[in-house]
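Structure, as structure tokens:
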Amino acid sequence: MSAVDLIAPLAPEAMPADAAPLMPTGCTNAKLRQLTRRVGQHFDAEVAQSGLKTTQYSLLTTIESRGPVRAVDLAASLHMTASTLSRNLHVLVDAGWLQIDEGPDARSRLVRITEAGRTRRRAARAHWRRAQQSLVALLGAERVAALHTLIDEALPLLAPAPDEQLDDH
């Protein structure tokens, strides 16, 4: 079954005229939180064997791929508040895996990964891959692909309007 087959029953135009629309039951927020907790626990257990949390692995990976990046741009791309990002970066800087340098102007800072950070990220990558492969084995490749499709389609629909700012609360 493809992602389209899973999604198509939800499209009103795909239903017979006399069929009632499929209505979700339960709280979508609660169901998504439960799923993300379980998936997070799955990845956390494997990635922790490298000495990193999955959030730390993600930050190191993003910073390594983007090169030196302004902290404000990093926060925006990760949909994080500046204070949340700062707390997360502090731990990685203290460990010697990231460095924060002066930016192009007096008010900005550039975040870059250190060689020790690259080494730690590479070690964690093998664990992340094992977690990804075992999740696909547990859920099935078609289900994971369909989940990715649904997420990719839903995220832009839920994006804040361009004039909305991230709230620090």
*Indicate yes or no for a side-chain donor-acceptor contact from Ser50 to the backbone of Ala123 under 3.5 Å, with no hydrogens or angles considered.*
no

*Pairwise distance OG(Ser58) to CG(Leu78) - rounded to 0.5 angstrom*: 6.5 Å

*Side-chain contact, heavy-atom cut-off 4.5 Å: Val111 with Leu85?*
no

_Residue list, side-chain contact (heavy atoms from CB on, under 4.5 Å) with Gln133, at least two apart or on another chain_ = none

*Quick one: list whatever passes side-chain contact (heavy atoms from CB on, under 4.5 Å) with Arg118, sequence neighbours left out.*
Glu64, Ile113, Glu115, Arg122

*Can you name the closest pair of heavy atoms from His42 and Ser134 and give their distance?*
NE2-OG, 2.8 Å

*asked:* Within this structure, what is the CE-OG1 distance for the pair Met80 and Thr55, rounded to the nearest 0.5 Å?
replied: 7.0 Å

*Determine, stepwise, if the pair Ile100 / Leu110 fulfils side chain to side chain contact (heavy atoms under 4.5 Å, CB included).*
CA-CA 6 Å; Ile100 300 178; Leu110 290 177; over 6 Å; no

*Side-chain contact test, heavy atoms from C-beta onward, threshold under 4.5 Å: evaluate it for Phe43 versus Leu135 and give yes or no.*
yes

*asked:* Is there a continuous path of hydrophobic side-chain contacts, each under 4.5 Å between heavy atoms, that joins Leu139 to Leu32?
replied: no

*Side-chain contact test, heavy atoms from C-beta onward, threshold under 4.5 Å: evaluate it for Thr114 versus Leu98 and give yes or no.*
no

*Sequence neighbours left out, what passes side-chain contact (heavy atoms from CB on, under 4.5 Å) with Asp152? Give chain and number order.*
none

*Determine whether Leu138 and Val39 fall in the same hydrophobic cluster, where Ile, Leu, Val, Met, Phe, Trp and Tyr are linked whenever their side-chain heavy atoms lie under 4.5 Å apart.*
no

_Please find the pair of heavy atoms, one from Arg120 and one from Gly51, that lie closest to each other, and give the distance._
NH1-CA, 3.7 Å

_Check against side chain to side chain contact (heavy atoms under 4.5 Å, CB included), Val91 and Trp97_ = CA-CA 9 Å; Val91 174; Trp97 300 328; 5.9 Å; no

*For Asp44, which residues count as a side-chain contact (heavy atoms from CB on, under 4.5 Å) partner, sequence neighbours excluded?*
Thr54

*Between Thr84 and Thr81, a side-chain donor and acceptor under 3.5 Å*: yes

*With a 3.5 Å cut-off and no angle check, do the side chains of Arg66 and Ser77 form a donor-acceptor pair?*
yes

*Under the 3.5 angstrom rule, does the side chain of His127 hit a backbone N or O of Ala48 as a donor-acceptor pair?*
no

*Can you tell if the side chain of Arg121 reaches within under 4.5 Å of the side chain of Tyr57, non-hydrogen atoms only?*
yes

*How would you list all residue pairs meeting salt bridge (Lys or Arg N to Asp or Glu O under 4.0 Å) that involve residues 99-110, not counting sequence neighbours?*
Asp101-Arg112

_Heavy-atom side-chain contact between Arg143 and Leu147 under 4.5 Å_ = no

*Quick one: does Ser86's side chain have a donor or acceptor within less than 3.5 Å of a partner on Ala82's backbone?*
no

*Pairwise side-chain contact, Asn88 with Gln56, heavy-atom cut-off 4.5 Å (strictly under)*: no

*Please list all pairs passing the salt bridge (Lys or Arg N to Asp or Glu O under 4.0 Å) test where one or both residues lie in residues 70-98, with sequence neighbours left out.*
Arg70-Asp73

